[in-house]
Structure formats: C-alpha cells, structure tokens
Amino acid sequence: MIRLGIFDSGIGGLTVFREVRAALPGADILYFGDTARVPYGTKSAETVTRYSLQIAWYLVGRGVDAVVVACNTSSAYAIDVLREVLDVPVFGVVEPGARAAVEASETGKIGVIGTRGTISSGAYQKAIARISGDVKVIASACPLFVPLVEEGWLTDSVTRDVASRYLAPHLKGGVDTLVLGCTHYPLLKETIGEVMGGDVRLIDSARETAREVKAFAEEKGLRDEKIPGKERFEVTDSPARFFDVGRIFLQHELEDIRQVNIVEGE
Ligand code: DGL
C-alpha cells in the first residue's frame with residue numbers, strides 16, 4: 001500500500017486527487033489545501049516556493065511515501081527545489097502534461113493556459129522544448145477561470161464569453177493541442193472544448209500525473225488494491241468553503257476535513 005501526500009494552494013488540486021484516487025483505489029491519500037494562503041497564481045516565485053517547502057516538509061513528516069504537487073504554480077516554481085531537499089519522490093504536474101502534449105500534437109503547434117505565475121515562469125514552455133525542439137508554443141494566462149470554476153459556472157454563458165476571449169490567440173495561432181495547465185481547468189473541458197472546436201486535443205495534466213504516480217506505485221510494488229485506501233483532507237482555513245466547493249470538484253461530499261496550522265504564528 002502506498003501513502004501519498006497531495007498538495008495544492010487550495011481546492012483545485014482535487015482534480016488531481018480525483019484522478020489519483022481513480023488510478024490507485026487502494027492508496028492512502030492525505031490531501032493538503034493551503035486555503036488560508038490561496039491563490040498562489042498571483043504570488044512571486046519566492047513566496048510560492050517557501051509555502052510549497054513548508055507543506056512538503058509537513059507531509060513528509062506525516063510519513064508519506066511520495067509527494068504529489070497538484071498545484072501547477074507550485075510545480076512550475078518549486079519542483080526543482082522540492083526534489084533537491086526532500087528524500088521522497090516528488091511528482092509535479094508540468095512534466096506529465098508537457099509530455100502528453102508533445103505526444104498528442106501532430107502539427108507541432110501547442111497551446112498552454114494557466115495562472116499568471118505558471119505562464120510567466122515559462123515552466124511548460126521549457127518542459128515542452130526539452131522534449132521536442134520542433135514545437136511552437138503559444139502560452140497565455142487565464143486568471144478569471146479559477147473564480148468562475150469555484151462559483152460553479154462551468155458551462156455558463158459568462159464563462160463561455162471569457163473563454164472565447166482568452167482562447168482567441170490559441171485559435172488564431174492554429175494550435176492542435178491545448179494544455180490545461182491549472183488545477184481548475186479540467187472542470188471547464190466542455191466549455192473550452194466548444195470554443196476550441198472538436199479537433200483540438202485538450203491535455204489534462206491531472207490525469208497524466210495520476211498515470212505516472214500509478215506507474216511508480218507499480219514499479220515499487222506498492223500498489224495494493226485489496227482494501228479501499230483511506231483519505232483525509234487538511235486545510236489551513238476553515239473547512240466550510242472547502243466542503244462546499246469540494247462538491248463541485250468531486251460530485252460528492254467530502255468527509256474528514258480538518259483545519260491545521262503548519263506554520264508557527266500564522
Ligand atoms: N492551484 C493553482 C494552480 O494550479 C490555481 C489556484 C491558485 O492560483 O492558487 O496553478
């Protein structure tokens with residue numbers, strides 16, 4: 001049995017949780033949402049890296065076998081530092097998403113969308129370029145998608161208008177593949193798919209990451225599906241909003257949500 005620590009700036013990482021749970025029903029999962037300090041997408045690299053380190057150390061202290069960085073902004077800014085300092089494997093969402101995009105694209109024109117932090121870090125652009133030098137990437141930030149998802153407006157006309165505006169450069173640039181480089185965006189697949197048209201492949205970094213975590217568990221002989229794994233949710237702000245918005249993400253109610261404080265004096 002594998003014990004996984006999955007963390008995010010808040011609630012969006014539940015898209016990763018959902019995929020990891022589907023891939024590894026027997027895993028014990030501790031999900032950590034930094035709801036007191038969300039959003040990360042507008043914060044500096046230094047701040048996001050500091051927060052990510054605090055959380056990752058906390059999870060390692062709780063005895064997890066591996067850390068999954070569900071937050072794209074944390075993965076973009078902090079993955080190298082986390083891998084350097086932690087003595088457990090660390091999975092991020094950027095590399096699996098980039099790999100899947102390069103595999104999926106036939107024309108070599110790939111779009112990437114994410115928070116301002118993720119896009120300005122250049123992490124997806126660099127990861128794609130490392131895999132294939134022959135790809136053109138159009139990257140843009142879509143900051144209004146996060147609040148729209150948390151409002152539950154997944155297919156609303158307002159969301160469609162916002163998507164049309166944000167995705168215009170990708171349509172104009174003729175991308176055949178679009179990376180959903182933010183935890184919240186998989187919930188907008190229907191709307192984004194409608195705007196981009198049926199031929200454009202949407203890459204769900206959450207799903208690709210879950211595949212890698214599953215492969216790791218299998219390779220280490222830690223995949224054990226005899227009994228359903230336990231799950232627990234820890235958040236840094238009051239659990240009430242996490243509970244409410246969590247329903248939008250998972251389509252069922254979350255149990256065992258606790259508020260924790262991992263930083264002295266905060
Ligand atoms: N979890 C963040 C991400 O995937 C989105 C929300 C935030 O800005 O913190 O980048």
Side-chain angles (χ1 to χ4, degrees), residues 5-20 31-56 59 67-79 82 90-98 100-101 111-127 139-154 159 162-163 166 178-189 192 202-210 233-237 241-242 244-246 248-250:
I6 301 181
F7 83 83
D8 180 50
S9 55
I11 196 139
L14 289 177
T15 51
V16 177
F17 168 84
R18 186 177 64 182
E19 297 295 340
V20 172
Y31 178 96
F32 188 97
D34 197 4
T35 48
R37 300 189 292 192
V38 71
Y40 283 10
T42 51
K43 294 192 170 72
S44 68
E46 291 69 28
T47 301
V48 172
T49 304
R50 179 160 49 88
Y51 290 174
S52 303
L53 276 167
Q54 289 165 349
I55 298 167
L59 291 173
V67 171
V68 181
V69 186
C71 180
N72 283 255
T73 312
S74 290
S75 296
Y77 281 140
I79 200 83
L82 292 172
V90 181
F91 294 90
V93 285
V94 171
E95 290 145 346
V112 179
I113 53 176
T115 64
R116 285 198 207 288
T118 298
I119 299 304
S120 67
S121 75
Y124 271 106
Q125 297 91 314
K126 284 180 222 153
S140 65
C142 305
L144 292 175
F145 279 169
V146 166
L148 286 167
V149 168
E150 295 197 3
E151 206 58 39
W153 295 1
L154 307 183
T159 311
V162 171
Y166 276 149
L178 182 69
V179 181
L180 308 179
C182 172
T183 46
H184 291 58
Y185 300 176
L187 273 77
L188 296 176
K189 258 185 203 160
I192 293 173
L202 303 182
I203 303 297
D204 181 341
S205 294
R207 188 161 294 171
E208 302 304 328
T209 305
F233 302 88
E234 295 188 349
V235 291
T236 48
D237 195 13
R241 188 166 154 75
F242 190 84
D244 288 343
V245 184
I248 300 173
F249 279 79
L250 297 181

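Atoms considered below: every heavy atom in the structure, side chains included; atoms not considered: hydrogens, waters and symmetry mates. Residue numbers start at 1 and run along the sequence shown. As the structure lists them, so they are numbered: ligands from 1, and atoms in each ligand from 1.
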How about [X] and [Y]: do any of their side-chain heavy atoms sit closer than 4.5 Å?
{"X": "I119", "Y": "Q125", "answer": "yes"}
{"X": "F249", "Y": "P186", "answer": "no"}
{"X": "Y185", "Y": "T15", "answer": "no"}
{"X": "T209", "Y": "E19", "answer": "no"}

Checking side-chain polar atoms at under 3.5 Å, does S205 have a donor or acceptor matched by the opposite partner on Y124? yes
Does the side chain of Y40 come under 3.5 Å of the side chain of D34 through a donor N or O and an acceptor N or O? yes
How close does the nearest protein non-hydrogen atom get to [atom], and which residue and atom is it?
{"atom": "atom 6 (C) of ligand 1", "result": "S9 OG, 3.7 Å"}
{"atom": "atom 8 (O) of ligand 1", "result": "G41 N, 2.8 Å"}
{"atom": "atom 10 (O) of ligand 1", "result": "T73 OG1, 2.6 Å"}

Show the atoms of ligand 1 that are less than 4.0 angstrom away from any heavy atom in [X].
{"X": "T115", "answer": "5 (C), 8 (O), 10 (O)"}
{"X": "Y40", "answer": "7 (C), 8 (O), 9 (O)"}
{"X": "D8", "answer": "1 (N)"}

Please determine if A70 has a nitrogen or oxygen closer than 3.5 Å to a nitrogen or oxygen of ligand 1. no
For atom CZ of R18, is the number of surrounding heavy atoms from other residues, nucleotides or ligands below 6.0 Å larger than 12? yes
Checking heavy-atom distances from atom 5 (C) of ligand 1 to each of S205, A76, G12, C182, the winner is C182
Indicate, as side chain, backbone, both or neither, the part of V38 found under 4.0 angstrom from ligand 1 when only non-hydrogen atoms are considered. side chain
